[in-house]
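First comes the structure, then the notes that go with it.
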There are 2 protein chains.
Amino acid sequence: MRISARADYAVRAAVELAAAGDEASLKAEAIAAAQGIPHKFLEGILGDLRRGGLVVSQRGGKGGYRLARPADSIAIADVIRVADGPLVSVRGVRPPELSYCGPAESLLPLWIAVRANVRKILGEVTLAHVAAAKLPDEVLSLAEDPEAWTNP
Amino acid sequence: MRISARADYAVRAAVELAAAGDEASLKAEAIAAAQGIPHKFLEGILGDLRRGGLVVSQRGGKGGYRLARPADSIAIADVIRVADGPLVSVRGVRPPELSYCGPAESLLPLWIAVRANVRKILGEVTLAHVAAAKLPDEVLSLAEDPEAWTNP
DNA sequence: TAGTATTCCTATCGAATTACTAGGGAACTG
DNA sequence: CAGTTCCCTAGTAATTCGATAGGAATACTA
């Protein structure tokens, strides 16, 4: 269960924009330097965010990128979907489109349950939450369990 | 957030073995046909499960694969880890090994919370649960919500 | 108003990983 | 020994990650 580089970079760039304020604009190169992201790769990702309507861009000497909506109205899940496709997929297809046969039939509701649990977190947490380092209590209590940090 | 073909195939093969009974053995070709998995690809996956100690194999005319432990002692998470590496990874590395800087710092506890929520499901559900089509109540109640089946 | 610097935007290329295929060698059964 | 089955190595197509080069649009300056 893997979160791609695209998704991680997209979220970090969006958080950086959120931290700069809803009306400030940042240059791609500045975001890349602040977060250690390959800057030409980041430009492609920012293009996806623009086509997805999450950011607006401006060319020229005083150009850059800024959020298209307030940071507390953009969920992490929104950013991932625009930059990287479906939030959770099995073999590249969304869980409801899967078909299992024989004794594996119960895998379908299992993946649905996993997706629901992921959505519950990534659909609730917004860019504003992360940028202000104030995650919702429900999420914090999950992350505070020491067992959640052990490796396997 | 993507579940690879390896992981999906590995779980389906293990479930098929669980459904056959703890002491019965199945041939790779039979599992491949039952689940529609490319059989040479499946052989590589079964090799990983064997090296990981989850199944035992036998060559020759009456050979095949069978589970190395009772089906109710093998969690779905165990199968995925052996066949496909860490249960959840960001850019190929496990969440505790990530390092974020600046306003993105709260992403680390966020991924930890996501992983904890995924573990809670895949670490609790066993091959026996899936093979018998009797998922734990906690999981079923997540999957029964009609909203969990809608697409974005 | 012309020129220049800055920035976004597109297209292409190589390395690495994923998904899958092919063929032959090793071990077990009857 | 002969037939079956697992087991190992190598090789191919597609995707992802990341780098590079140049073109198009905008803003500042003289």
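Below, chain A is the first sequence line, B the second, and so on; all start at residue 1.
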Nucleotide-resolved protein contact map, nucleotides 23-30 of chain C, B/S/- at heavy-atom distance under 4.0 Å: BBBBSBSS

Integer-rounded Å distance: C:dT17 C1' and B:R2 CZ: 11 Å

Whole-Å gap separating P (D:dT5) and CG (B:L42): 15 Å

B:Y9 vs C:dA19: side-chain N/O to OP1/OP2 distance below 4.0 Å: no

Backbone of B:A143 reached by a side-chain donor or acceptor of B:W149 within 3.5 Å: yes

Single-linkage hydrophobic cluster, 4.5 Å side-chain cutoff, B:V93 and B:L87 together: yes

Under 3.5 Å: donor-acceptor pair, side chain of A:D48, backbone of A:I45: no

Close residues, residues 17-39 of chain B, relative to DNA chain C [heavy-atom separation under 4.0 Å]: B:P38

B:D48 CG to D:dC7 P, straight-line distance once rounded to whole Å: 12 Å

Interatomic distance where CG belongs to A:L46 and P belongs to C:dT10 [whole Å]: 13 Å

A:Q35 side-chain N/O to B:C101 backbone N/O, donor-acceptor pair under 3.5 Å: yes

Listed nucleotide nearest any side-chain atom of A:R50, set C:dT10, C:dA19, D:dC8: C:dT10

Residues in contact with DNA chain C, drawn from residues 78-95 of chain A - heavy-atom cutoff 4.0 Å: none

All side chain to side chain contact (heavy atoms under 4.5 Å, CB included) counterparts of B:T150, not counting sequence neighbours: A:R119, B:E147

Any A:R66 side-chain N or O less than 4.0 Å from OP1/OP2 of C:dC8: no

Steps toward side-chain hydrogen bond (donor to acceptor under 3.5 Å, both in side chains) verdict (A:D8, B:Y100): CA-CA 11 Å; A:D8 182 51; B:Y100 290 114; 2.6 Å; yes

B:S57 vs B:L46 side-chain heavy atoms within contact, under 4.5 Å: no

CD/A:E97: more than 12 non-hydrogen atoms of other groups inside 6.0 Å: yes

Contact under 4.0 Å: A:S57 side-chain N or O vs C:dT7 OP1/OP2: no

Whichever of A:F41 and B:Y65 has its nearest DNA chain D nucleotide further upstream toward 5': B:Y65

Residues which pass side chain to side chain contact (heavy atoms under 4.5 Å, CB included) with A:P70, listed by chain and number, not counting sequence neighbours: A:D22, A:D72, A:S73

Within 6.0 angstrom of B:D137 CG, more than 12 heavy atoms from elsewhere: no

Sugar-phosphate only, base, or nothing, as touched by B:G64 at under 4.0 Å among non-hydrogen atoms: sugar-phosphate

B:R2: partners by side chain to side chain contact (heavy atoms under 4.5 Å, CB included), with sequence neighbours left out: A:S89

